[in-house]
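Right, one structure below, let's go through it.
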Amino acid sequence: QVQLVESGGGLVQAGGSLRLSCAASGRTFSSYAMAWFRQAPGKEREFVSSISWSSINTYYADSVKGRFTISRDNAKNTVYLQMNSLKPEDTAVYYCAAGSKVGGSKDDYNYWGQGTQVTVSS
């Protein structure tokens, strides 16, 4: 079992930055692939970024490539999402997820956090 708690969301102006954190419980955090997804009102939850257990492999949605950076600290059981050059279309609830496979599908992940709201004003 892994429990995930996101933090770091908030209101920011377009062009600004935020850093999301996801703290995981459990001693097996380092064995999981981790990912961030987001869900805007009235839309499906979509993939944002993922990272392998070793941090060797990272993946990004085209919409955030070059602006967002995913990282993890296995000693702290935490995964991060640094978001720069934010746009109003980045407004969504951001969810952290853990799974055995570093994929881009919701089905690749077994554990989910409650989400943190990110709002980007124009």
Any disulfide bond (SG atoms under 2.5 Å apart) pairs touching residues 35-76, not counting sequence neighbours? none
Pairs where residues 11-103 contributes a residue and the test disulfide bond (SG atoms under 2.5 Å apart) is met, not counting sequence neighbours: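 Every disulfide bond (SG atoms under 2.5 Å apart) pair that includes a residue of residues 11-103, provided the two are not neighbours, is C22-C96.
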Excluding sequence neighbours, so at least two apart, what forms side-chain contact (heavy atoms from CB on, under 4.5 Å) with S30?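 By the side-chain contact (heavy atoms from CB on, under 4.5 Å) rule, S30 matches N74.
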With sequence neighbours excluded, what pairs up with S71 under the side-chain contact (heavy atoms from CB on, under 4.5 Å) test?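 So S71 forms a side-chain contact (heavy atoms from CB on, under 4.5 Å) with Y80.
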Between [atom1] of [X] and [atom2] of [Y], what distance do you get to the nearest 0.5 Å?
X	Y	atom1	atom2	result
L81	T69	CG	OG1	8.0 Å
F68	T58	CZ	OG1	14.5 Å
F29	L4	CZ	CG	8.0 Å

Ignoring hydrogens, what is the shortest heavy-atom contact between [X] and [Y]? Give both atom names and the distance.
X	Y	value
V79	W36	O-CZ2, 3.8 Å
S52	R72	O-NH1, 3.0 Å
Y109	S50	OH-CB, 3.4 Å
G115	V93	CA-CG1, 3.8 Å
Q39	K43	NE2-O, 3.1 Å

Which pairs, with at least one residue in residues 94-105 and sequence neighbours excluded, count as a salt bridge (charged side-chain N to carboxylate O under 4.0 Å, His left out)?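 Found K101-D108.
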Which residues share a ring-ring contact (aromatic ring centres under 6.0 Å, His included) with [X], sequence neighbours left out:
X	value
Y111	Y32
W112	F37
Y60	none

[Y] reachable from [X] in the ILVMFWY side-chain graph, under 4.5 Å edges:
X	Y	result
L20	V12	yes
V120	V64	yes
I51	V2	yes
L86	V48	yes

Tell me the side chain to side chain donor-acceptor pair (under 3.5 Å) pairs involving [range], sequence neighbours left out?
range	value
residues 113-122	Q117-T119
residues 90-100	R38-D90, R38-Y94, R67-D90
residues 3-25	S17-N84

With sequence neighbours left out, the residues meeting salt bridge (charged side-chain N to carboxylate O under 4.0 Å, His left out) with D62 are K65
